[in-house]
Amino acid sequence: PPALRSRAWLPIRSPMFWAATIGHSKRIIHDLRNGRRIRVSRFVSAALRRSYDGREGRGEGMQLQDNYNRFAAVAYAHEWAYRRNPAFYDYEKLGGDCTNFTSQCLLAGSGIMNFMPTYGWYYINANRKSPSWTGVQYLFNFLTRQNLSVGPVGAECRIEELLPGDLIQLSFDGLGYSHTPIVVSVQPPVQPENVLLAAHSYDADYRPLSTYEYEKVRFIHIVGVVRP
């Protein structure tokens with residue numbers, strides 16, 4: 001509902017939204033919003049070279065920066081919560097589209113992928129993507145990785161530490177986690193009914209966490225982005 005919107009969040013078409021991104025991330029977010037395919041030749045080739053020669057795995061010349069663009073991640077979530085960005089395959093009929101959608105939001109907020117084989121986080125097309133792009137547990141493993149490599153970095157946190165742009169993962173059977181919504185609003189007091197989420201499968205925006213029937217939940221705070 002519009003009444004739940006925070007005036008702090010920038011509308012998707014605001015000039016300030018574009019000004020908040022830098023370098024190639026500006027072009028990536030522009031392509032995401034317009035449903036264009038990400039230009040592999042511009043943004044993938046150099047990263048692939050670093051990945052395959054091992055530099056990304058060793059974290060050479062990289063540093064964790066506190067520049068995750070929460071505005072961009074949340075704006076993207078609102079833009080595509082009830083639609084599908086044609087730049088990405090829709091996995092709705094292949095186990096669900098939730099983590100694919102959340103990865104897109106993370107990309108809008110970080111502007112960078114990690115093309116390391118197997119353990120990276122990337123999407124090129126429906127058949128060329130990392131397990132972490134669409135897999136709930138794999139995404140958690142990537143975000144909480146111990147070795148320094150490019151891309152967003154997360155850490156488990158308490159519900160009170162959540163911010164818009166952070167993630168939540170839910171377990172409906174008490175065993176494995178199978179759903180990854182993104183936080184779009186946190187209102188005091190911070191409790192499940194005041195943590196609002198966007199998601200695919202099932203599609204939702206501004207949905208309170210308290211409306212889900214889950215057995216277990218974990219909260220993931222995005223602490224920053226590692227860049228070359």
Side-chain angles (χ1 to χ4, degrees), residues 1 4 68 70 73-74 76-78 80-84 88-110 114 116 118-123 126 129-147 149 151-224:
L4 294 176
Y68 175 57
R70 296 179 181 276
V74 171
Y76 184 93
H78 292 321
W80 295 101
Y82 293 108
R83 300 187 295 150
R84 298 298 186 268
F88 297 91
Y89 187 78
D90 180 7
Y91 295 91
E92 184 75 33
K93 296 181 180 180
L94 294 176
D97 198 58
C98 67
T99 305
N100 176 41
F101 170 67
T102 296
S103 285
Q104 294 171 40
C105 297
L106 283 173
L107 178 59
S110 64
N114 182 318
M116 290 179 63
T118 307
Y119 298 110
W121 175 73
Y122 64 89
Y123 178 96
K129 62 178 179 58
S130 65
S132 59
W133 190 267
T134 54
V136 176
Q137 184 62 45
Y138 291 114
L139 177 60
F140 177 82
N141 292 344
F142 172 75
L143 290 173
T144 61
R145 63 198 182 279
Q146 298 301 308
N147 294 329
S149 61
V153 175
E156 283 198 74
C157 67
R158 303 188 307 273
I159 189 172
E160 297 83 7
E161 299 172 303
L162 285 174
L163 295 173
D166 287 339
L167 311 184
I168 290 178
Q169 293 193 326
L170 303 174
S171 171
F172 299 112
D173 59 7
L175 300 175
Y177 289 89
S178 57
H179 192 45
T180 311
I182 182 170
V183 177
V184 296
S185 178
V186 181
Q187 304 291 335
V190 183
Q191 49 198 23
E193 56 265 36
N194 293 328
V195 176
L196 307 182
L197 309 173
H200 280 183
S201 304
Y202 299 108
D203 295 0
D205 197 8
Y206 293 110
R207 179 174 176 175
L209 173 59
S210 59
T211 63
Y212 287 92
E213 296 181 2
Y214 53 86
E215 295 293 326
K216 294 193 302 182
V217 59
R218 61 187 176 197
F219 310 106
I220 306 170
H221 176 65
I222 305 302
V223 299

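Along the sequence shown, the residues carry numbers beginning at 1. As the structure is a prediction and not an experimental result, all values here were calculated from the model.
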Can you tell me how far apart [atom1] ([X]) and [atom2] ([Y]) are? Round to the nearest 0.5 Å.
X    : Y    : atom1 : atom2 : result
C98  : L139 : SG    : CG    : 9.5 Å
E193 : Q187 : CD    : CD    : 12.0 Å
S185 : Y206 : OG    : OH    : 7.0 Å
Q169 : S178 : CD    : OG    : 9.5 Å
F88  : W80  : CZ    : CH2   : 10.0 Å
L167 : L106 : CG    : CG    : 5.0 Å

Inset, instruction - Mark yes or no for whether R145, through its side chain, and F142, through its backbone, hold a donor-acceptor pair below 3.5 Å. - result: yes
Legend entry - Any pair counted as salt bridge (charged side-chain N to carboxylate O under 4.0 Å, His left out), so long as it reaches residues 131-142, sequence neighbours left out: none
Inset, instruction - Only pairs at least two apart or in different chains count here, so list each salt bridge (charged side-chain N to carboxylate O under 4.0 Å, His left out) that has a residue in residues 206-217. - result: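 Sorted pair list comes back empty.
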Inset, instruction - Quick one: list whatever passes side chain to side chain contact (heavy atoms under 4.5 Å, CB included) with P188, sequence neighbours left out. - result: none
[X] versus [Y], closest heavy-atom pair with distance:
X    : Y    : result
S110 : P152 : OG-CD, 4.0 Å
P189 : N194 : O-ND2, 2.7 Å
V74  : V183 : CG2-O, 3.9 Å

side-chain hydrogen bond (donor to acceptor under 3.5 Å, both in side chains) against [X], all qualifying residues, sequence neighbours excluded:
X    : answer
T144 : none
S103 : W121
T99  : T180
S171 : D173

Legend entry - Beyond-backbone contact of L209 with L170, side-chain heavy atoms, under 4.5 angstrom: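 Yes; the side chains approach each other to less than 4.5 Å.
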Legend entry - Within-4.5 Å side-chain heavy-atom neighbours: N141 and S132: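 No, their side chains stay 4.5 Å or more apart.
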Table please: side-chain donor-acceptor pairs of residues 155-166 below 3.5 Å, with sequence neighbours left out.
unit_1	atom_1	unit_2	atom_2	d
E161	OE1	R158	N	2.8
D166	OD1	R70	NH1	2.8
D166	OD1	R70	NH2	3.3
D166	OD1	H221	ND1	3.3
D166	OD1	I222	N	2.8
D166	OD2	L163	N	2.8
D166	OD2	H221	ND1	2.8

Inset, instruction - Name all pairs fulfilling the ring-ring contact (aromatic ring centres under 6.0 Å, His included) condition that reach into residues 173-202, sequence neighbours left out, sorted by first residue then second. - result: F101-H200, H179-Y212
Inset, instruction - Please identify each residue that fulfils salt bridge (Lys or Arg N to Asp or Glu O under 4.0 Å) with R84, with sequence neighbours left out. - result: D90, E92, D97, D203
Legend entry - Y91: ring pair (Phe, Tyr, Trp, His ring centres under 6.0 Å) partners, not counting sequence neighbours: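 Result, ring pair (Phe, Tyr, Trp, His ring centres under 6.0 Å) vs Y91: Y89.
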Inset, instruction - Check ring pair (Phe, Tyr, Trp, His ring centres under 6.0 Å) between Y122 and all other residues, then give those that pass, not counting sequence neighbours. - result: F115
Legend entry - Greater than 12 external heavy atoms within 6.0 Å of Y214's OH: yes
